[in-house]
There are 2 protein chains.
Amino acid sequence: MNTLRFTAETVADGVLERDFTVDGIAGNSDDAGIPGVLWSPDPGTYRAPLVLMGHGGGNHKKHPAMAGRARRLVDGCGFHVAVIDAPGHGDRPRTAHDEREIAVMQRAMATGEPVGPVVVRYNAHLAERAVPEWRATLDALQGLPEIGTGGPVGWFGLNMGTAIGVPFVAAEPRITAAVFGQHWPEALAEQARRITVPVEFAMQWDDEHIPRSSALELFDAFASREKTLHANAGRHKELPRFEADSAVRFFARHLGARGTAASAGRAPGVSAVTAG
Amino acid sequence: MNTLRFTAETVADGVLERDFTVDGIAGNSDDAGIPGVLWSPDPGTYRAPLVLMGHGGGNHKKHPAMAGRARRLVDGCGFHVAVIDAPGHGDRPRTAHDEREIAVMQRAMATGEPVGPVVVRYNAHLAERAVPEWRATLDALQGLPEIGTGGPVGWFGLNMGTAIGVPFVAAEPRITAAVFGQHWPEALAEQARRITVPVEFAMQWDDEHIPRSSALELFDAFASREKTLHANAGRHKELPRFEADSAVRFFARHLGARGTAASAGRAPGVSAVTAG
């Protein structure tokens, strides 16, 4: 049984932020457990759907992109939102293998060589380590009364969050809707073909790292009857900020803008999102 | 000088609907003038941006898709929204040429042959007739005090509304943002390469009429620095309804959710749209 321990708690502008650690993951070499963060509408006791978010490569669970998306999901929909540090990221130690692959990646970046092959390979390795951690984290989060079992659960992860998310969602029937994007089909297309939940997928039309045809190929692979591609003009890092709002609306449509209240109805300060 | 005459007026749920006719279009064979409809926030005296909408082939200015999108734009953004009947559509007479081309199209539909070649050819012909009519209509609409000159103007047209809209927007510097989609690149790509305003483009990933690569080719042709492709799983007629909401948000971002009030500020009942 995986235990979730809360280690810190702050409240800002109606959003409760709780740091946590998940212990006892079988085969996990990190003695310190898996560090994560759970954002909720304050006071955190309202039962609501959960969105799991995967952060990008080189980032961590509280990167501004994660905190910003979490606030949109909490403010806009009243959801709970959880992120854990990926292996070798954030507060977690790097293995010798991590260090070697990061060095290869940085060399490719510096010399202008294609980074795709090493990113695909290293992210596939990280996904193998991360998927069991995410399953254990989801087990532990569903043990909280404000989340519980059986409710809708979303996955939101671009870049490395897609490299980890696609195999996770393919293997995890509890995920009911997912936002992915900005990755290569190699190592992911086969698992994408097993995913049938609604999917929103973001790509950059002028991505200097991921060929246009590769992004389209990965989107095409999802078996979902309901899937949407958003392709924006611009380079890899120029993903428009309004795509985060689009993801929030996607989750509002598919997870339900408010779950059943475990205690006293609508959380204060939670504004409605019109589900298109 | 083109004259706009209002011929009928109704109000429903805060939306003013005014039928109009634009007379005096040089070289126009329709003696009756161009019939159109203008939707506005009641009472219609508030100065606000204008969205021009092109209807689909075989439809007309007050088709439910037009009325529904107009209501979203009026309610959500306080915009004025105008549609005119395309040549040979709605209240307008068909020429012998129209009848011949429609018969060819219907034969192709009935026998399961590709409709693309005849739709492309016939729509290009209609666009030649429609573009001067749209320019005259825009002249006349900008003569109304609640619209005026110099303000932002949007174009919103899918299918035949794209076949007419792409040459119109390419030739018309007054259009400042456009939503297109669901058409072939033949006859349009060259003009799309002259369009630089922000564009949102919708396609269906499993369109049985428009090959996937054709739709992507037309999206790619737009010279706009800011352009977004929305591709949804499903066949030609299965475009999800939430794409209409996306178009409303696109226009809210690019035209400004409310223009300057010509009389007394915000129109009653106009709700805000969050521009992502």
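The figures here come from the full heavy-atom set of this structure, side chains too, leaving out hydrogens, waters and symmetry mates.
Shown here for Leu218(B) and His183(B), the closest heavy-atom pair between the two residues is CD2-O, 3.7 Å.
Below 30°, between 30° and 60°, or above 60°: for Phe222(A) and Phe180(A) the angle between ring planes is below 30°, a parallel geometry. Taking the six-membered ring for Trp and thresholds of 30 and 60 degrees, Phe251(A) and Phe156(A) have ring planes inclined between 30 and 60 degrees apart.
Chain B forms the most heavy-atom pairs under 4.5 Å with one residue out of Arg212(A), Arg225(A), Glu238(A), Glu200(A), and that residue is Arg212(A). The candidate with the highest count of non-hydrogen atom pairs below 4.5 Å against chain A, out of Met203(B), Glu243(B), His230(B), Glu226(B), is His230(B). Ranked by non-hydrogen atom pairs under 4.5 Å with chain B, the options Pro240(A), Gly234(A), Ala231(A), Ser246(A) are led by Ala231(A).
Phe219(B) carries Lys227(B) over the face of its six-membered ring, with the cationic atom under 6.0 Å from the centre and within 45° of the normal.
Of the two parts of Asp220(A), the backbone and the side chain both hold a non-hydrogen atom closer than 4.5 Å to a non-hydrogen atom of chain B.
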